[in-house]
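Everything quoted here is computed from the prediction, not taken from an experiment. Chain identifiers are assigned alphabetically (A, B, ...) following the order of the sequence lines, protein sequences preceding nucleic acid strands; residue numbering begins at 1 within each chain. These numbers come from the heavy atoms of this one structure, side chains and all, not from hydrogens, waters or symmetry mates.
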Amino acid sequence: MPQRRVDLYWLVGGPQGRGVETAAMIFLRSVAAAGYYAYGRREYWSNIAGRHSYFLGRISDVPVWSVKSKVQILMSIDGQTVIEHVRDVAPGGLVIYNKDEENRQFESYTMFSKKTMARLTKHFKEEGVETTVKGAVELYKRNGARALGVSYNELLRKVGERIGIRDLITLGRFVSTLSVALGAAALGLPKEALRAGVEFSLGKRPNIVQQNMEVVNVAYEAVENVFNLGAAGAERGKAILWNGNEAVAVGKIMGGIRFVSFYPITPAADEALFIESRPSVELDPSLEEARLVDRLGVITIQAEDELAAVNAASGAAIAGLRASTTTSGPGFSLMAEGISFMGMAEVGVVITLWMRGGPSTGLPTRTSQADLRFALHTGHGEFPRIVLASGDVEEAFYDAIKTANWAERYQVPVIHLLDKNLASSYMVMPLPRYDDIRVEAAPAEVYSEPLLVPRYDYPLGGLPRRIVFGVSNAYIHLAGNEHDEYGDVDEDAELARTMQEKRLKKLELIDREIPDEEKVRIYGNQNSDVAIVSWGSTKRAILDALDELGEDLMFVQLRMFQPFPATPVREALRRVRKVIFVENNYMAQGASVLREKTGVEPDTVIVKYNGRPFTVDELAQLIDSALRTGERRIVAYGEL
Amino acid sequence: MSSVKVTLRRTPADYKTGSMPDWCPGCGDFGILQALLNAFAELNLDPANTVLVSGIGCSAKIPHYLKIVGVHTLHGRAIPFAMGIKLANPTLEVIVDGGDGDLLAIGAGHFVALGRRNLDIAVIMHDNAVYGLTKGQAGPTLPRGIKVKAIPRPNVHDAVNPVLLALASGYTFVARTYSYDIKHQVEVIKQAIQHRGAALVHILQPCPTYNTFQTREWYEQRIYRIEEEDPGWDPVVRDPGDAWDKYNRAVNKALEFGDRIPIGVFYKNETVPTFEERVAESIPSMLRVPPVMQPIATKDGRPLITIERYLPDRIV
């Protein structure tokens with residue numbers, strides 16, 4: 001475990017659409033400018049404006065990837081944030097709130113969830129405090145936290161005097177900057193670091209920057225330096241500030257994907273929009289490749305539905321372009337037939353699946369890992385596919401490149417399994433290592449005479465020919481029907497059997513060629529008699545929870561589910577006495593796949609299915625409980 | 001864009017594969033197949049750069065009988081596949097073949113979206129008003145109240161008008177023809193292929209097995225050529241200022257479908273930018289060097305960009 005000089009948890013909240021995201025981005029960029037690493041997970045409702053939204057995050061001098069359920073500093077844009085997070089500040093922590101809202105009743109926040117309000121009302125009544133912001137402040141104090149109330153209106157008026165704006169409503173636009181500037185002041189971040197945050201989030205127009213820096217000045221005058229963070233001492237080196245959607249978008253482009261189709265859906269659309277917002281980028285002029293085209297372009301198409309999105313990507317891939325589509329559960333459901341077509345016609349497309357809470361519309365903005373079984377079985381009939389689940393944003397970036405290579409080489413659908421927890425968690429992380437990146441372009445066959453080419457005439461255990469339309473000088477046929485070597489429809493019994501064998505045999509080739517370390521990764525003590533097994537975005541919380549517990553256990557991270565690495569997984573678990581499986585769903589789907597593929601029966605499953613990821617402290621406690629009690633099934637309730 | 005430029009004139013036979021069509025005797029699809037063969041030969045299309053994308057149904061079998069690039073896809077989805085292919089390489093000649101059920105029932109959303117995009121592809125619609133391959137259910141162009149051979153009760157759905165829908169959706173070439181009139185079909189299909197933008201060729205086609213209502217006789221009593229009736233008929237928009245007037249006339253003509261059925265070109269407008277041109281506004285290189293021909297990595301397998309180059313504002 002790296003030695004942390006600084007390790008601090010934070011939260012900023014407010015009404016959706018009123019600058020919560022802006023506030024969080026100012027804060028993250030400012031923290032980065034002060035030389036720290038940072039992490040911030042976004043929680044929000046399916047709502048344009050008004051519902052309670054927040055960022056939960058962490059700051060450290062070493063890279064951070066997870067959060068705890070108690071924070072040291074809570075920054076609030078409104079009083080509802082102060083009420084909602086009444087149990088979320090650690091003893092000794094600090095709550096900064098707007099004194100002007102002190103007397104507001106719960107009911108005055110009109111977009112308060114009825115259920116949350118009822119539960120909090122009960123809690124406040126049991127504690128004997130009034131159901132107002134003031135009551136919440138009283139409870140923070142009882143729990144050993146400090147509460148610092150300042151009048152936001154007073155501070156904004158002071159800002160107004162300095163920048164020449166008198167109207168309080170107009171000044172209200174500075175509240176997001178104010179909320180985090182107050183926090184930054186209490187943390188003792190260098191004031192100048194806030195300038196980077198303001199410029200990053202609000203743009204570099206001098207007027208805007210000057211006005212917002214005046215907000216920062218006022219905040220620093222109003223609040224004392226409590227945490228004395230200062231600038232990070234050690235040289236951090238170059239880092240990148242991005243979220244999972246963006247890391248995957250960049251990975252796709254670096255991995256040669258040149259066609260991305262999508263239909264608007266949370267939490268996938270931001271990935272496509274990020275690419276669309278930078279459609280073309282100038283190549284390094286010294287590259288030999290820059291002589292043919294000086295700019296790299298990526299076609300992004302907003303389709304009329306996910307049926308069009310998946311099949312347009314298929315069309316681009318059929319023509320020979322690296323193509324991908326990105327979606328979440330409901331859209332992925334519509335893509336099932338198109339994925340089955342890819343299996344039959346042997347088309348390689350990367351389908352990026354950002355899981356969210358289901359079934360149906362479910363919890364559109366919350367996380368889940370409930371689509372593993374669906375990703376494994378989407379589409380009718382039997383066909384080869386690759387299903388890969390990334391464990392964190394760094395892996396997601398590299399995996400976006402690898403999946404692009406595999407789709408082209410094996411000409412199968414590649415389902416890249418991610419979730420909302422990765423999609424909208426921002427982080428300042430070290431830049432990827434370029435030496436680790438390979439873009440393996442499969443060469444196209446080119447014929448000197450135009451030829452009717454039997455694309456599917458390949459031996460058992462081989463791969464179909466790679467034809468590029470307009471390059472190969474070949475005319476080929478493809479079909480979703482069973483077909484002969486030329487791609488022409490035929491229902492002959494022997495042909496049907498041998499073609500099916502050829503397609504499914506590709507799975508064995510894929511399994512042989514892709515190294516085990518891509519499929520399963522083992523952390524910690526490999527001789528431990530207890531193993532934690534999990535997959536996807538639980539990885540970092542698990543690693544940090546094991547550190548927290550101080551137990552030298554083994555953690556087995558399953559990455560590839562098709563083809564499944566049965567042999568190395570079975571080998572890793574051979575001497576293990578107790579297997580604890582952790583995942584974000586009700587049915588313990590990953591555990592059931594482990595059982596199916598290896599015969600290993602997990603002793604305990606720790607599951608969580610309320611739309612929220614595991615926090616480190618919650619997981620540490622539940623793993624500890626599993627070790628002590630041997631319960632078969634443990635459900636996590638953490639609400640943050 | 002192959003390096004070998006073939007100069008010889010091709011004949012219809014040059015585009016034929018050895019496979020024999022398995023359509024019913026007298027099927028209108030034979031006429032459409034022959035018209036495609038003739039049109040391809042008259043345009044001397046390069047088989048390796050001509051892509052025919054079909055959906056599912058009797059009409060969708062057509063690529064297997066043609067010696068060009070053929071992609072036989074899913075029911076209703078030929079248009080999205082064709083869009084991906086065309087954008088991956090805009091120099092390809094891309095044609096969609098589909099039935100009325102394929103394009104106007106299960107695939108209606110894509111049919112409308114293609115018009116909105118004005119992607120430069122031609123859609124050949126085989127309209128026989130029934131689902132032949134699943135044994136004769138009512139298609140979306142079968143009139144209400146009609147009972148054809150295999151449906152248990154008279155049709156309870158109204159018919160959609162493909163020409164009117166194409167005009168409403170933004171197709172910039174809209175024509176109708178008849179599957180037993182090879183010459184007329186060839187003329188119209190050639191124009192549709194050569195048109196710069198989304199083109200619909202609506203082909204009226206008897207289904208001798210299942211459509212016992214719209215038979216050859218039924219059509220031939222009603223069909224007339226627009227320009228024979230109206231020698232001054234000029235559907236071509238040459239100046240954007242003419243578009244409104246020509247469009248109105250096309251819509252009025254399209255409304256005529258009953259005792260008399262006009263065939264011919266209803267509307268043609270090349271003053272609207274194509275989808276490729278719209279996309280290329282943000283990716284200018286794609287029309288100069290087709291995306292499939294652009295490198296995706298350096299020779300030693302390195303990405304063409306770094307994060308520092310792509311995202312300088314995110315480096316902290």
Side-chain angles (χ1 to χ4, degrees), chain A residues 32-33 238-242 250 253-254 256 258-259 279-281 283-284 287 289 292-293 295-297 299 304-305 307-308 311-316 318-323 337 341 428 431 434 437-441 448 450 452 468-471 473-481 488-489, chain B residues 1-2 4 6 17 19 46-49 51 53 61 63-64 67-74 77 80-85 87-89 91-92 109-110 113 279 282-286 288-299 301-307 309-311 313-316:
Chain A
K238 265 194 203 169
I240 171 115
L241 168 56
W242 60 6
V250 177
I253 295 164
M254 292 178 75
R258 295 293 178 264
F259 185 96
S280 163
V281 57
L283 292 179
D284 177 349
L287 280 178
E289 288 74 17
L292 181 62
V293 274
R295 297 182 73 85
L296 178 161
I299 299 169
E304 55 273 27
D305 51 36
L307 307 165
N311 295 317
S314 211
I318 286 168
L321 194 61
R322 286 199 177 187
E337 192 190 22
F341 176 89
V428 177
L431 273 176
Y434 294 125
I437 297 174
R438 280 287 179 284
V439 183
E440 291 145 0
S448 54
L452 192 60
V468 176
F469 290 6
V471 172
N473 202 25
Y475 23 106
I476 60 163
H477 290 167
L478 283 94
N481 294 60
D488 288 321
V489 177
Chain B
M1 290 279 291
S2 63
V4 184
V6 182
T17 59
S19 309
D46 175 356
N49 288 322
V51 185
V53 187
K61 297 180 173 188
H64 298 292
K67 216 192 266 181
I68 56 171
V69 182
V71 187
H72 181 177
T73 69
L74 294 168
R77 315 296 162 220
F81 277 96
M83 173 169 73
I85 292 166
L87 291 171
N89 186 350
T91 65
L92 298 169
H110 311 310
V279 173
S282 39
I283 308 166
S285 68
M286 67 175 273
R288 196 164 49 79
V289 183
V292 290
M293 296 182 192
Q294 296 190 10
I296 56 165
T298 65
K299 285 213 175 67
R302 300 287 173 185
L304 290 179
I305 50 159
T306 58
I307 295 176
R309 180 167 277 276
Y310 184 67
L311 277 183
D313 54 325
R314 296 300 190 88
I315 305 292
V316 295

*Measure distances from Val316(B) to the heavy atoms of chain A and classify the residue's part below 4.5 Å as side chain, backbone, both or neither.*
both

*When you measure from the side chain of His72(B) to the backbone N and O of Asn481(A), does any donor-acceptor pair fall under 3.5 Å?*
no

*Which bit of Val51(B) comes within less than 4.5 Å of chain A, counting heavy atoms only: side chain, backbone, both or neither?*
side chain

*Which atom of Gly297(A) lies closest to which atom of Ile283(B), heavy atoms considered*: CA-CG2, 3.6 Å

*Atom of Ala479(A), atom of His64(B) and distance for their closest heavy-atom approach*: CB-CE1, 3.9 Å

*Side chain, backbone, both or neither: which part of Val289(B) has a non-hydrogen atom closer than 4.5 Å to chain A?*
side chain

*Can any side-chain N or O of Asn89(B) pair as donor or acceptor with the backbone N or O of Phe469(A) at less than 3.5 Å?*
yes

*Do the side chain of Arg302(B) and the main chain of Tyr434(A) share a donor and acceptor less than 3.5 angstrom apart?*
yes

_Proximity breakdown for Lys299(B) and chain A, heavy-atom pairs closer than 4.5 Å_ = both

*Taking all non-hydrogen atoms of both residues into account, name the closest pair between Leu287(A) and Leu304(B) and its distance.*
CD1-O, 3.5 Å

*Is any side-chain heavy atom of Tyr475(A) less than 4.5 Å from a side-chain heavy atom of Lys67(B)?*
yes

_Minimum side-chain heavy-atom gap Ile307(B)-Met254(A) below 4.5 Å_ = yes

*Checking Glu304(A) against chain B: side chain, backbone, both or neither under 4.5 Å from a heavy atom?*
both

